[in-house]
Amino acid sequence: MEQKSKLYVTLLTGRTIEQGVAKERGKASSEYAESVSVCYMDPEDMKQLGIKEKTNVQVSTEYGSVVVKALKSLRAPHPGIIYIPYGPWANVVVNPETHGIGMPSFKGIPAEIEPTPNVPVLNLEGLLKKQFRKG
Amino acid sequence: MQVVKAVTCPVCGSLCDDIELTIDSGKIVKVKNGCAMCESKFLGYCGEHRILKPLIRRNGELVKASMKEAIGKAAEILAEANYPILYGWSSTSCEATRVGLELAEEIGGVIDNTAVVCHGPSLLSVQEVGIPSCTLGQIRHRADLVIYWGSDPWSAHPRHIERYTAFSEGRFEKSEWRGYLTKLKALIGRKKIESTLRRLFLKKRPSVSAAPEGKVCPTISRAGRKLIVIDVRRTKSAEMADYFIQVEPNKDYELLQAFRSLIRDQELDVDKVAGVPVEHLEEVADAMVGCSFGALFFGVGLTMSRGKLKNIDAALSLVRDLNMRTKFIIMPMRGHFNVTGANTVSTWQSGYPYAVDFSLGYPRYNPGETSVMDVLLRRESDAALVVASDPVANFPRKAVEHLVENPLIVIDPHMNATAQMADVVFPSAFVGIEAEGTAYRMDHVPLPLKKVVEPPRGVFSDEEILRRILSEVRKIKKAKTTEEA
């Protein structure tokens with residue numbers, strides 16, 4: 001199969017039980033950071049990108065780009081859809097547009113995904129420093 | 001060892017009130033009946049991420065400070081601000097929210113709760129269309145059709161299906177748990193046969209088990225309780241359902257309107273709506289009309305996708321249409337354990353459920369203008385107080401940029417992304433574990449939260465901290481007016 005270096009996908013963000021459990025344990029915990037700095041992908045899409053599980057990928061949208069770890073979605077097939085749990089990593093790339101009602105668009109955002117095996121996934125402090133130069 | 005029964009769980013909007021805690025020398029050592037999140041909270045509340053002393057930022061570093069100093073600093077920031085925002089409130093008690101509203105009025109700020117990024121659009125739609133609702137108890141005893149739309153209760157409200165809907169044993173409706181087990185066993189058996197076949201014919205690749213195009217869905221017209229899940233992805237909840245409809249992202253509105261047409265006996269002259277064959281929709285529409293008590297639960301899958309409040313308008317209208325034919329109710333799946341309470345208290349005190357602006361001296365409400373997200377995106381606020389919430393981790397980057405530029409006060413039991421960026425941090429007691437209070441379940445039933453253990457020394461409840469800040473703010477303002485006079 002021809003490998004592509006980039007894939008155009010739809011980004012969804014939302015809850016996962018791992019994130020729910022980790023956030024109750026403590027949001028400064030490494031479990032929390034690990035549960036939200038990932039991106040669930042369709043195995044077929046991963047094949048197209050030529051990546052294996054736990055490879056770092058860069059997700060870019062009109063609003064920013066962030067490096068997260070790619071994980072195989074347990075509930076495929078859903079080609080062209082990637083899923084990042086709510087958290088500081090997802091928020092770098094979501095659409096802030098509220099359409100005049102206060103609610104940003106957290107779901108269904110057009111995004112690009114490309115493998116970046118040599119770029120590390122930042123930890124929470126690193127991410128906050130990079131995004132906001134504070135903390 | 002002491003066992004405390006009937007504890008209300010302060011995690012999600014389901015507010016399960018049957019938790020049993022075992023307490024040994026002032027610490028919770030065992031949790032019974034809770035879900036994974038509940039256990040995590042009750043066992044991890046005093047973990048290493050707990051803040052135990054007030055913190056103040058000095059020369060770019062957060063350093064320990066006395067309570068008096070921290071209160072003084074916070075009050076000074078709030079009293080001097082022209083347009084402060086007060087955000088959070090969904091993970092604390094109604095009593096704390098009430099003090100928060102008093103504080104917002106005193107300093108002329110914008111007070112908003114986390115509903116703005118979860119079910120804010122639902123509230124706007126309810127104001128326009130209205131909502132047929134009931135308690136979760138009624139659903140448990142009577143509902144024979146349960147639909148979850150854009151919501152994954154297995155991940156976000158783990159005991160919702162078991163306690164209140166399809167898998168609960170009601171007075172008039174039986175639990176579907178057995179049916180699910182039979183289905184699961186059959187599925188495991190099928191998978192075993194498939195893997196044996198694969199082993200025998202080594203080259204055979206595993207087949208993808210998606211429903212083939214045009215195949216008519218398994219009948220859902222059987223008797224008994226039924227569970228339908230409609231979502232953009234196959235969640236764990238979808239696997240538990242009798243029937244799952246996978247809608248294309250951002251196309252919920254179309255699907256809702258298609259259901260409305262079908263329920264009014266109109267024909268659709270297309271083959272597919274939002275990626276779903278019309279014959280499947282017809283079958284689900286028949287099940288909706290044919291049930292005797294239906295319940296539609298919707299999650300943030302509807303409020304955050306394209307259409308936002310209009311999706312909810314359509315869902316509410318669908319249920320209104322259904323009530324011409326049968327009995328149907330609709331309920332938002334509220335996330336935080338007291339987000340419903342925050343909306344309720346805000347409505348009592350100011351007339352509006354969220355996004356209330358006191359800057360002109362009287363409450364104004366116009367989501368899109370007075371909602372925290374828009375205030376931040378327009379870069380208008382000049383200080384912020386965050387209570388029991390983590391906007392730095394949950395707001396889009398552009399909004400956070402402005403939030404962290406200005407003085408930021410955080411009241412939270414745990415260290416989180418927002419506390420790391422704050423200028424003043426107050427440690428607080430966990431309401432429902434170390435402090436008493438009231439919380440509202442997603443069906444607007446108020447439940448008491450218990451105090452089961454003592455908070456760490458010198459750590460107060462959110463309510464107490466807010467009262468102290470409020471009284472200090474009043475002192476500063478009084479001194480100013482006498483000075484001016």
Side-chain angles (χ1 to χ4, degrees), chain A residues 10-29 31-32 36 40 44 63-64 66 73-78 80-81 83 86-109 124-125 127-128 131-135, chain B residues 11-12 36-38 40-41 44 47-50 112 116-117 120-121 124 152 154-156 158 208 210 232-236 238-239 246 249-250 300-301 303-306 308-309 335 355 367-368 371-374 377 390 392-401 404 414-417 420-421:
Chain A
T10 304
L11 166 70
L12 301 176
T13 67
R15 285 289 300 275
T16 64
I17 186 77
E18 291 83 7
Q19 177 242 16
V21 170
K23 87 174 158 55
E24 297 303 339
R25 184 149 301 151
K27 280 192 146 178
S29 65
E31 288 105 315
Y32 176 71
V36 295
Y40 293 94
E44 286 299 313
Y63 319 98
V66 70
S73 167
L74 293 175
R75 297 186 177 84
H78 51 75
I81 292 180
Y83 189 82
Y86 295 141
W89 283 263
N91 288 324
V92 177
V93 289
V94 295
N95 181 359
E97 176 57 61
T98 74
H99 298 111
I101 56 160
M103 164 67 92
S105 311
F106 286 116
K107 291 180 193 276
I109 307 150
L124 181 60
E125 251 172 40
L127 184 85
L128 295 181
Q131 300 297 334
F132 311 114
R133 295 170 294 281
K134 199 176 168 185
Chain B
V11 174
C12 74
M37 284 196 282
C38 167
S40 181
K41 177 148 192 175
E48 75 267 38
H49 310 294
R50 193 75 196 259
D112 205 348
V116 72
V117 290
L124 293 175
D152 178 13
W154 192 85
S155 294
V208 181
V232 289
R233 44 176 214 126
R234 183 178 280 276
T235 56
K236 179 77 181 166
E239 284 182 354
Q246 189 157 9
N250 287 331
V300 291
T303 61
M304 287 177 179
S305 301
R306 189 182 301 154
K308 294 175 185 170
L309 78 164
S371 38
V372 152
M373 191 65 65
D374 296 277
L377 290 171
D390 189 10
V392 172
N394 291 305
F395 278 8
R397 186 174 57 104
K398 232 177 128 193
V400 179
E401 272 174 9
V404 300
H414 268 164
M415 202 56 179
N416 58 25
Q420 278 179 30
M421 312 289 257

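Chain identifiers are assigned alphabetically (A, B, ...) following the order of the sequence lines, protein sequences preceding nucleic acid strands; residue numbering begins at 1 within each chain.
- Note that NZ of B:K398 and OH of A:Y63 are 9.5 Å apart. Values are rounded to the nearest 0.5 Å.
- Both the backbone and the side chain of A:S105 come within contact range of chain B, each with at least one heavy atom under 4.5 Å from a heavy atom of that chain.
- Residues satisfying the side chain to side chain donor-acceptor pair (under 3.5 Å) test with A:R25, not counting sequence neighbours, are none.
- When heavy atoms are compared at a cutoff of 4.5 Å, B:P396 approaches chain A by way of both its backbone and its side chain.
- Of the two parts of B:L377, only the side chain, counted from C-beta on, holds a non-hydrogen atom closer than 4.5 Å to a non-hydrogen atom of chain A.
- The OG atom of A:S29 sits 11.5 Å away from atom NZ of A:K23, with the distance rounded to the nearest 0.5 Å.
- Both the backbone and the side chain of B:V400 come within less than 4.5 Å of a heavy atom of chain A.
- From A:T98, atom OG1 reaches atom CG of B:D374 across 3.5 Å, with rounding to the nearest 0.5 Å.
- In this structure, A:I81 and B:P249 have side chains that are in contact, with non-hydrogen atoms separated by less than 4.5 Å.
- Distance check: A:H78 NE2 to B:R234 CZ gives 10.5 Å after rounding to the nearest 0.5 Å.
- At a 4.5 Å heavy-atom cutoff, B:R306 makes no contact with chain A through either its backbone or its side chain.
- Contacts between A:E31 and chain B at a heavy-atom distance below 4.5 Å are absent for every atom of the residue.
- Between chain B and the options A:M103, A:Q19, A:K27, A:H99, heavy-atom pairs under 4.5 Å are most frequent for A:M103.
- B:D112 contributes no side-chain N or O that, together with a main-chain N or O of B:S371, makes up a donor-acceptor pair within less than 3.5 Å.
- B:E239 touches chain A through its side chain: at least one heavy atom from C-beta onward sits under 4.5 Å away, while N, CA, C and O do not.
- Nearest approach of A:G108 to A:L12, heavy atoms of both residues: N-CD2, 3.5 Å.
- With a 4.5 angstrom heavy-atom cutoff, A:L127 does not touch chain B via any of its atoms.
- When side chains are defined from C-beta on, A:E125 counts as touching B:Q420, because their heavy atoms get closer than 4.5 Å.
- Chosen from B:G301, B:A355, B:P367, B:A399, the residue pairing most often with chain A at heavy-atom distances under 4.5 Å is B:P367.
- Contacts between B:T303 and chain A at a heavy-atom distance below 4.5 Å involve backbone atoms as well as side-chain atoms.
- Between chain A and the options B:G47, B:P121, B:G120, heavy-atom pairs under 4.5 Å are most frequent for B:P121.
- Considering only heavy-atom pairs separated by less than 4.5 Å from chain A, the leading option among B:N416, B:D152, B:V392, B:D390 is B:D390.
- For a residue to count as touching a neighbouring chain, one of its non-hydrogen atoms must lie under 4.5 Å from one of that chain's; by this rule B:N250 touches chain A with the side chain only.
- Ring geometry for A:Y83 versus A:Y40: interplanar angle of 30 to 60°, hence tilted.
- For A:Y32, the part lying under 4.5 angstrom from a heavy atom of chain B is the side chain only.
- Heavy-atom pairs under 4.5 Å with chain B peak, among A:S73, A:G87, A:G64, at A:G87.
- One finds the CD atom of B:E401 at 14.0 Å from the CZ atom of B:F395 (value rounded to the nearest 0.5 Å).
- Note that the CD atom of A:E24 and the NE2 atom of B:H414 stand 9.0 Å from one another [nearest 0.5 Å].
- When each of B:K236, B:K308, B:E48, B:R50 is scored by its heavy-atom pairs under 4.5 Å with chain A, the top score falls to B:K308.
- Using a 4.5 Å cut-off between heavy atoms, B:A417 contacts chain A through both its backbone and its side chain.
- Annotation: maximal heavy-atom pairing with chain B below 4.5 Å, among A:N95, A:I109, A:N91, occurs at A:N91.
- For B:S40, the parts sitting under 4.5 Å from any heavy atom of chain A are the backbone and the side chain alike.
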